[in-house]
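Comments concern the structure below.
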Amino acid sequence: MLGVVRVRFAPSPTGYLHVGGARTALFNWLYARRHGGTFVLRIEDTDAERSSWDMVQGIVDGLHWLGLDWDEGPDVNGPHAPYFQSQRLEKYREHAQVLVREGKAYADEGAIRFKVPEGQTSFEDLVHGPVRFENEHIENFVILRSDGHPTYHLSVVVDDLDMEITHVVRGDDHISNTPKQVLLYQAFRRTPPAFAHVPLIMGPDKKRLSKRHGATSVMEYPRLGYLPEAMVNFLALLGWSPGGDEELFTRDELVSRFTLEGISGGNAVFNTEKLDWFNQQHMLRLPLDDLAARVEPFLRDAGLWSEEFRDGRRAWFLEVLALLRPRVKRVGQFAEDGRPFFEDAVQYEPDAVKKHMKPELREPFDAWRAVLMSTEPFEPAALEAALRRFAESGGVKAASLIHATRVAVTGRAASPGLFEVIVLVGRERTLARMTSALALFG
RNA sequence: GUCCCCAUCGUCCAGAGGCCCAGGACGUGGCCCUUUCAAGGCCAAAACACGGGUUCGAAUCCCGUUGGGGACGCCA
């Protein structure tokens, strides 16, 4: 069994999968994959009151979205099934009885408490180093409730033992629970697994991340237009470092570099601006076909999708995405920035009209429109050459004409390069928009 | 209150005694490119919490202070 790595992510289904839990799951998954080990998903639903099936589903959805697959767990099973603690109650009771029989635990008002021995309890934490507690600060804690359900300390130890977990990678908030669990391992005459307590994720105010900080459920992120590969990359580097200066990694690159020793000891602030940057960088690196698939749902929601984007106008569609891509931070933005391409009607921004559609430009604009009718080839370079030639001979500044044309064609003051835009919008639509824009001058 | 953890630029990290008058990234400011907005390139401002030790030498080791976080449930 030497060298075998078995880790687990053991959420309690009393809430959705938040970013902190997601990162813990990610670290476990990375460690398992790095060492060819096993990643177990175990549902800690011993608190029947607060657990719900919907929450289990929500957690599973979150892990799926991030691409974290498990080798053993609900719906895949494995040699240590079942993976719901609520279905393992008998094991916990038996273990509690053993401790009672050996005089290491006792009944108290219907519950069973563990008798904490004198002395001190310590363990070697892979991220914090040696940690030691005086047992006098640990009270005789309940291991089996009066309703027969185990408490966390008992179930987690029994299951980690039964499932042969070698490394417990979990949140820092469990560090003060650890001595109680170490005491249980000792009471069972078993060696505890290795522990690695990872620091918590905080909000910008350094307070524990909560809803008032914005999106804390991972499943809000796909809706907001974030790529799972960006989230994985961002989360991995929040509290962990591969050691060097590189920051942009694919999932596989993270797997090959991950070490528990690289986890830092202090809490980390969740920084949305940096997440945006990771998202942008990963979008920039996505194959266009792949990107198209991610954009589609957002276009559908905005009513801008056409089945032709799949076949007949596929190439055109991909060109539009490629043009828009450098200025998009979240996937949903393709629907916004793409309107001038995906929709025939143009919505004019009042400020843009006021700024660029000066009355004295009306005549030159109209004449340039006529030039555009016959410019060949209908390509960016040729169009630009035509405009500059026209501007020079007509005594107009090329920039003014470009700006007015941009507003006429896109309705906005900012867009990708005008000539690329015109080519993709097409000659007919461009001319039609310019014609109706004639009324906007002044 | 008790116990535990943590402490490098605003933020995330690098740094495991001399390579550091501290390096990268996000963000911020400036410049370049340029038809706008981005992207990209270049430059800049920006930190070793404080006080004691140890050492020839400390961001790195030890102690204390302060600050932040966490745990003290028949929740996990």
Side-chain angles (χ1 to χ4, degrees), chain A residues 10-15 21 44-47 49-51 85 108-113 125 127-129 131-134 136-139 141-156 170-180 197 199-202 204-208 234 237-248 261-262 264-278 280-281 284 323-329 333 337 352 355-356 384 387-388 391 397-407 410 412-419 421:
Chain A
S12 154
T14 53
E44 309 221 324
D45 56 349
T46 54
D47 183 354
E49 286 296 304
R50 304 201 304 156
S51 299
Q85 291 192 327
D108 174 41
E109 293 193 24
I112 292 179
R113 281 182 188 276
D125 192 284
V127 348
H128 296 287
V131 181
R132 170 190 303 222
F133 290 80
E134 296 294 333
E136 59 182 306
H137 293 127
I138 306 172
E139 59 164 2
F141 56 95
V142 171
I143 54 176
L144 200 68
R145 297 178 239 187
S146 47
D147 65 0
H149 281 72
T151 61
Y152 171 65
H153 301 298
L154 212 220
S155 59
V156 78
R170 71 214 320 187
D172 231 350
D173 48 339
H174 284 296
I175 207 161
S176 48
N177 289 327
T178 308
K180 295 178 183 170
H197 288 98
L200 272 20
I201 296 179
M202 319 299 274
D205 56 359
K206 304 279 186 78
K207 300 289 182 203
R208 208 168 180 166
F234 171 68
L237 263 46
L238 201 58
W240 171 75
S241 165
D245 282 343
E246 299 147 280
E247 301 208 273
L248 241 23
E261 291 70 27
S264 14
N267 293 337
V269 171
F270 191 90
N271 183 332
T272 311
E273 280 87 48
K274 191 142 189 185
L275 207 212
D276 280 343
W277 178 75
F278 274 112
Q280 186 170 42
Q281 294 300 320
L284 248 16
L323 190 61
L324 256 22
R325 161 149 92 166
R327 51 218 97 204
V328 166
K329 279 188 160 64
Q333 247 178 288
D337 297 358
K355 185 172 181 191
H356 296 295
E384 178 163 8
L387 179 136
R388 290 190 187 284
K397 276 169 65 179
S400 307
L401 213 44
I402 287 173
H403 290 139
T405 306
R406 168 176 293 109
V407 175
T410 69
R412 309 170 188 196
S415 81
L418 177 67
F419 304 102
V421 169

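Computed over heavy atoms, backbone and side chain alike; hydrogens, waters and symmetry mates excluded. Protein chains get the first letters and strands the later ones, always in sequence-line order, with residue 1 at the start of each.
Rounded to a whole Å, the CZ atom of Phe419(A) is 11 Å from the P atom of U36(B). When rounded to the nearest whole Å, the span between CG of Leu387(A) and C1' of U34(B) equals 15 Å. Between Leu144(A) atom CG and G73(B) atom P there is a gap of 18 Å when expressed in whole angstrom units. C12(B) atom P lies 16 Å from atom CH2 of Trp277(A), rounded to whole Å. Remark: P of C4(B) and CD of Glu136(A) are 10 Å apart, rounded to the nearest angstrom. In this structure, Glu273(A) atom CD and C12(B) atom C1' are separated by 12 Å, rounded to whole Å. The interatomic distance linking Leu238(A) (CG) with A25(B) (C1') rounds to 13 Å, in whole Å.
Looking only at distances, no side-chain donor or acceptor of Asn267(A) sits under 3.5 Å from a matching main-chain atom of Pro199(A). One N or O on the side chain of Thr410(A) and one on the backbone of Arg412(A) form a donor-acceptor pair closer than 3.5 Å. Side-chain atoms of His197(A) do not come within 3.5 Å of backbone N or O of Asp125(A) as any donor-acceptor pair.
If you check distances only, the side chain of Ser146(A) does reach the base of C74(B) with a donor-acceptor pair under 3.5 Å. Donor-acceptor pairing under 3.5 Å, judged by distance alone, is present between the side chain of Asn177(A) and the base of A76(B).
Residue Ala268(A) comes nearest to Gly239(A) through the heavy atom pair CB-N, 4.4 Å, listed as atom of the first residue, atom of the second, then distance. Residues Trp240(A) and Ser264(A) come closest through the heavy atom pair N-OG, 4.2 Å.
Between Arg113(A) and C74(B) there is a side-chain polar atom (N or O) within less than 4.0 angstrom of OP1 or OP2. Within the 4.0 Å cut-off from OP1 or OP2 of C6(B), at least one side-chain nitrogen or oxygen of His128(A) is found. Within the structure, every side-chain polar atom (N or O) of Arg412(A) is placed at least 4.0 Å from both OP1 and OP2 of U35(B). Considering only side-chain N and O atoms, Lys206(A) lies under 4.0 angstrom from the phosphate OP1 or OP2 of U11(B). The side chain of Thr405(A) places no N or O atom within less than 4.0 Å of a non-bridging phosphate oxygen (OP1 or OP2) of U35(B). Put simply, Lys207(A) has a side-chain N or O that comes within less than 4.0 Å of OP1 or OP2 on G69(B). Between Arg388(A) and U35(B), a side-chain N or O to OP1/OP2 separation shorter than 4.0 Å is present. Between Gln280(A) and G27(B), a side-chain N or O to OP1/OP2 separation shorter than 4.0 Å is absent.
Nearest-nucleotide positions on RNA chain B for Glu109(A) and Leu418(A) put Leu418(A) closer to the 5' end. Both Glu247(A) and Gly244(A) sit near RNA chain B, but only Gly244(A) has its closest nucleotide nearer the 5' end.
Taking the six-membered ring where the residue is Trp, His403(A) and His356(A) present tilted rings, their angle falling between 30° and 60°.
Of the listed nucleotides (C74(B), C4(B), G69(B)), C74(B) has the atom at the smallest distance from the side chain of Thr151(A). Listed candidates were C5(B), A76(B), G70(B). Nearest to the side chain of Arg208(A) is G70(B). Distance from the side chain of His403(A) is smallest to U36(B) among A14(B), U36(B), G10(B). Considering only side-chain atoms of Ser415(A), the nucleotide from C75(B), C37(B), U36(B) that sits closest is U36(B). Among the nucleotides U35(B), A38(B), C12(B), the one closest to any side-chain atom of Lys274(A) is C12(B). Side-chain proximity of Ala268(A) to U36(B), A38(B), C13(B): nearest is C13(B). Considering only side-chain atoms of Ala111(A), the nucleotide from C74(B), C4(B), A14(B) that sits closest is C74(B). Distance from the side chain of Asp245(A) is smallest to G23(B) among C12(B), G23(B), A39(B). Residue Val269(A) places its side chain closer to C12(B) than to any other of C74(B), C12(B), A76(B). Of the candidate nucleotides C37(B), C75(B), A14(B), C75(B) has the atom nearest to the side chain of Asp47(A).
Across A59(B) and A22(B), the matching C1' atoms stand 8 Å from one another, rounded to whole Å. For the P atoms, the distance linking C9(B) with G23(B) amounts to 14 Å, nearest Å.
Phe141(A) comes within 4.0 angstrom of nothing in the nucleic acid, heavy atoms only.
Taking a 6.0 Å sphere around CD of Glu261(A), one finds it holds more than 12 heavy atoms contributed by other residues, nucleotides or ligands.
For U35(B), there is no paired nucleotide, since no Watson-Crick or G-U wobble pair has both relevant distances below 3.5 Å.
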